[in-house]
Every structure is written in C-alpha cells, then in structure tokens.
K.L.:
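Attaching a single structure in structure tokens format; questions to follow.
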Amino acid sequence: MAEEERLLTPNSGDVIYEGTVGSTGISLATICRARGYSAHICMPDDQATEKSDLLLKLGAVVEPVKPASIVDQGQFVNVARKRAEQHTLDPTKPGRGFFADQFENTANWRAHFTGTGPEIYRQTGGHIDAFVAGAGTGGTISGVALFLKSRLDSVRIVLADPQGSGLFNRVKYGVMFDPKEREGTRRRHQVDTIVEGIGINRVTANFEAGRELVDDAIRVNDEQAMAMARWLVEKDGIFAGSSSAVNCVAAAKLAMEMGPGNRIVTILCDSGTRHLSKFWAKAGAIGGDDPSPDLNSILRLGDITT
C-alpha cells in the first residue's frame with residue numbers, strides 16, 4: 001500500500017521503521033532486503049535475544065529501548081515513529097523514513113481479510129465452526145473474522161488472551177482493564193506475562209476493526225502456555241513459541257466446550273526457536289523423569305477465569 005501511495009520507492013535509500021517485539025520486525029526485515037529498502041527496528045530490550053540476533057543477520061538496524069508505557073515518548077513504537085520523522089527531515093540522509101505502524105495501519109487487517117481468511121475458508125472447504133487466535137496488533141483476528149463472518153453466519157470467533165492483557169475484558173465486558181495491571185502491581189510495562197507477541201493494554205485500530213465480530217474470549221495463563229508448549233512437542237512433534245501455545249490452549253478449551261464434531265481452526269504463529277532464552281528456558285527441557293501432564297490437567301492448570 002505504501003508503494004502504491006508512493007510513500008516508498010525501491011532502491012532510493014528509503015528506510016522502513018517499526019516498533020515491534022520481534023515477529024513483525026523479522027518479517028519486515030526480510031521483505032525490505034528483497035524489495036530494496038533498509039529496516040530499522042525498535043524493540044524492548046527485555047525480549048528474547050534470538051529475535052534481535054535474527055534481525056541483525058537479516059541486515060536490519062536494531063535499536064533496543066527500555067520497556068515503557070505507550071504514553072511514554074521513549075516507548076518502542078513511539079521511538080520508531082520519531083526515527084522515521086527524523087530521517088525524512090534530515091537532508092544528509094538519502095531517501096525517506098517510513099513508519100510501518102503495525103498497530104494502527106489498516107493494511108494489517110486487510111492483509112488477513114484478503115489472504116489468511118480466504119486461505120482458511122479454502123482449506124476447510126467452508127466447513128469451520130470456530131476460529132481462535134490471540135491478538136497483538138489485532139490484525140489477524142479482525143481480518144479473518146471479517147472474512148469468515150461474511151461467508152458463515154454461525155462461525156464463532158474467539159480471542160485467546162494471555163494473563164495481564166486487557167483485551168479479554170474488552171471483548172467480555174467492553175472495558176479495557178485487567179486486575180493484574182493495577183498501578184503498582186505490574187512487573188512489566190506491556191503485559192504481565194512471559195508470553196511475547198500477543199496481549200496488549202490499549203485499543204488499536206486493527207483490533208477494533210473486527211472487535212464486534214469477536215464472540216468470546218478465553219484467558220490463558222503462563223503455566224498453561226508452558227505446559228501446552230511441552231505437550232505439543234511430546235505428542236505432536238511441534239516446537240512452538242509462546243503465542244502459538246496460548247492459541248492451542250484456548251482452542252482446546254473451546255473444543256471441550258463445543259464438543260465432538262466441530263472443526264476449530266487456530267494459528268501456529270511463532271516457532272519455539274525464537275523463544276529459547278526466555279519462554280522455553282522457563283518451560284524446561286523435554287524428557288527426564290517428569291511426565292508431561294495430560295491435556296485435561298493443562299486446561300485446569302492454575303486456571304484464571306477473570
């Protein structure tokens with residue numbers, strides 16, 4: 001869209017700036033290199049080191065910043081926006097700075113409306129009873145919901161939300177608040193969870209685009225996510241990251257609720273290789289004397305309902 005609107009010109013010195021906890025930055029860095037741009041990625045300095053290491057290998061500039069609230073001008077998204085503006089205004093730098101703005105840029109949900117949603121519909125032959133996904137920017141769940149709901153009146157759209165995120169209550173009660181986020185109780189500025197990539201405590205344009213189509217929300221705590229990640233390796237040979245584990249816990253909970261015969265779709269959106277130093281360091285190694293808990297035990301593990 002930026003190229004169509006002539007905001008970006010390949011091989012002109014234009015630089016794409018983004019504030020990200022990792023995955024979007026990795027995608028942008030890959031595409032930038034292939035299309036004739038440079039990538040400048042601002043990210044919190046408490047993220048798994050694998051992400052910044054990979055970004056550097058892809059040729060991106062990585063600017064770590066201290067975790068902060070979105071109202072702080074030093075927050076990673078705000079820093080990326082400022083860097084893009086500074087680049088454009090600097091006569092000594094070639095090209096322009098373009099802020100990708102993944103949280104508010106509607107190209108995000110539209111990509112899932114025109115891509116991911118139709119792909120799911122084709123692969124299931126139009127037989128899908130529920131779609132479950134977490135939300136960081138909210139683009140995936142909104143775009144898919146807008147497409148599927150336009151084809152299937154009965155399909156359920158369910159948010160998978162980690163502890164400490166306000167989106168659960170946004171869907172359930174229309175209020176952006178989580179009790180773990182009360183002033184003075186937080187350990188981290190974004191959401192109080194080991195999960196990276198999903199969960200947020202502010203309203204974004206991409207999530208709001210499809211929020212009214214989200215039928216329900218399921219809360220998933222850190223213990224459940226880590227246990228599910230281990231279970232996926234031991235039972236299915238899938239080495240998933242924290243966001244994928246949250247999605248699978250929520251999908252399994254929904255499956256128990258809906259019962260046999262229903263087709264539930266979710267997304268494995270991050271590999272465990274991007275989470276070795278944090279999420280998987282706490283989840284522990286596979287094997288040894290401790291057997292993996294069964295699925296029912298995982299779903300009941302330290303369960304949070306509010």
Side-chain angles (χ1 to χ4, degrees), residues 20-31 41 43-58 60 62 64 67 102 116 120 131-137 139-141 159-165 188 190-200 218-255 264-295 297-299 301-302:
T20 170
V21 296
S23 293
T24 299
I26 292 166
S27 299
L28 282 172
T30 305
I31 295 169
I41 305 301
M43 62 188 301
D45 62 10
D46 63 348
Q47 299 301 294
T49 57
E50 293 81 16
K51 297 177 185 179
S52 57
D53 289 346
L54 182 53
L55 282 164
L56 292 170
K57 295 297 183 184
L58 291 169
V62 179
Q102 60 169 313
T116 315
I120 291 170
F131 174 71
V132 180
T137 63
T140 302
I141 194 168
L159 171 73
D161 209 34
Q163 65 184 55
S165 171
R188 298 179 65 246
Q190 187 179 9
V191 288
D192 195 10
T193 177
I194 192 176
V195 173
E196 295 179 1
I198 58 173
I200 196 170
I218 294 174
R219 177 76 86 199
V220 178
N221 62 48
D222 287 352
E223 290 75 17
Q224 290 170 325
M226 289 187 289
M228 175 59 77
R230 292 172 56 89
W231 192 90
L232 288 170
V233 172
E234 295 188 351
K235 306 300 182 184
D236 288 330
I238 296 172
F239 186 52
S242 57
S243 298
S244 299
V246 169
N247 285 348
C248 287
V249 172
K253 281 190 172 187
L254 185 62
I264 298 170
V265 174
T266 193
I267 293 182
L268 302 185
C269 50
D270 55 346
S271 166
T273 57
R274 295 183 185 178
H275 298 268
L276 292 172
S277 62
K278 289 193 66 179
F279 178 77
W280 269 101
K282 289 195 174 184
I286 303 298
D289 297 329
D290 296 328
S292 177
D294 61 49
L295 193 57
S297 298
I298 293 173
L299 301 186
L301 192 62

K.L.:
What pairs with Ala60 under side chain to side chain contact (heavy atoms under 4.5 Å, CB included), at least two apart in sequence or on another chain?
P.N.:
Ala29, Ala39, Ile41, Leu55

K.L.:
Under the side chain to side chain donor-acceptor pair (under 3.5 Å) rule, collect the residues that match up with Ser23, sequence neighbours excluded.
P.N.:
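If we apply the side chain to side chain donor-acceptor pair (under 3.5 Å) test to Ser23, skipping adjacent residues, the hits are Arg274.
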
K.L.:
Sequence neighbours left out, what passes side chain to side chain donor-acceptor pair (under 3.5 Å) with Thr20? Give chain and number order.
P.N.:
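Counting only residues at least two positions away or on another chain, Thr20 forms no side chain to side chain donor-acceptor pair (under 3.5 Å).
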
K.L.:
Are any of the side-chain heavy atoms of Ile218 and Val132 separated by less than 4.5 Å?
P.N.:
no

K.L.:
So do Thr140 and Cys269 actually touch side chain to side chain, heavy atoms under 4.5 Å?
P.N.:
no

K.L.:
Specify the closest pair of heavy atoms between Lys253 and Leu299, including all atoms of both residues, with the distance to one decimal.
P.N.:
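Answer, listing the atom of Lys253 first, then Leu299: CE-O, 3.6 Å.
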
K.L.:
Measure the shortest side-chain to side-chain distance between Thr49 and Lys278 over non-hydrogen atoms and say whether it is less than 4.5 angstrom.
P.N.:
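SC-SC contact between Thr49 and Lys278 ruled out.
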
K.L.:
With sequence neighbours excluded, what pairs up with Ser244 under the side chain to side chain donor-acceptor pair (under 3.5 Å) test?
P.N.:
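Partners of Ser244 under the side chain to side chain donor-acceptor pair (under 3.5 Å) test: Asp270.
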
K.L.:
Under 4.5 Å between any side-chain heavy atoms of Asp294 and Trp231, yes or no?
P.N.:
no

K.L.:
Do Ser243 side-chain atoms and Val195 backbone N/O form a donor-acceptor pair below 3.5 Å?
P.N.:
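No, the answer is negative, given that no donor and acceptor are paired below the 3.5 Å cut-off.
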
K.L.:
Answer whether the closest heavy-atom distance between the side chains of Asp222 and Gln163 falls below 4.5 Å.
P.N.:
yes

K.L.:
Thr116 versus Phe131: any side-chain heavy-atom pair under 4.5 Å?
P.N.:
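Counting from C-beta outward, Thr116 and Phe131 never come under 4.5 Å.
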
K.L.:
Determine whether Thr193 and Phe279 make a side-chain contact, defined as any pair of heavy atoms from C-beta on separated by less than 4.5 Å.
P.N.:
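Counting from C-beta outward, Thr193 and Phe279 never come under 4.5 Å.
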
K.L.:
Sequence neighbours left out, what passes side chain to side chain donor-acceptor pair (under 3.5 Å) with Ser52? Give chain and number order.
P.N.:
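Ser52 satisfies side chain to side chain donor-acceptor pair (under 3.5 Å) with no other residue.
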
K.L.:
Restricting to side chain to side chain contact (heavy atoms under 4.5 Å, CB included), what partner residues turn up for Ala255, sequence neighbours left out?
P.N.:
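With sequence neighbours excluded, Ala255 shows a side chain to side chain contact (heavy atoms under 4.5 Å, CB included) to Ile264, given in chain and number order.
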
K.L.:
Heavy atoms, side chains only, cut-off 4.5 Å: are Ile198 and Pro162 in contact?
P.N.:
yes

K.L.:
Nearest 0.5 Å, what's the CG-CG distance between Asn221 and Asp161?
P.N.:
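It is 12.0 Å, given to the nearest 0.5 Å.
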
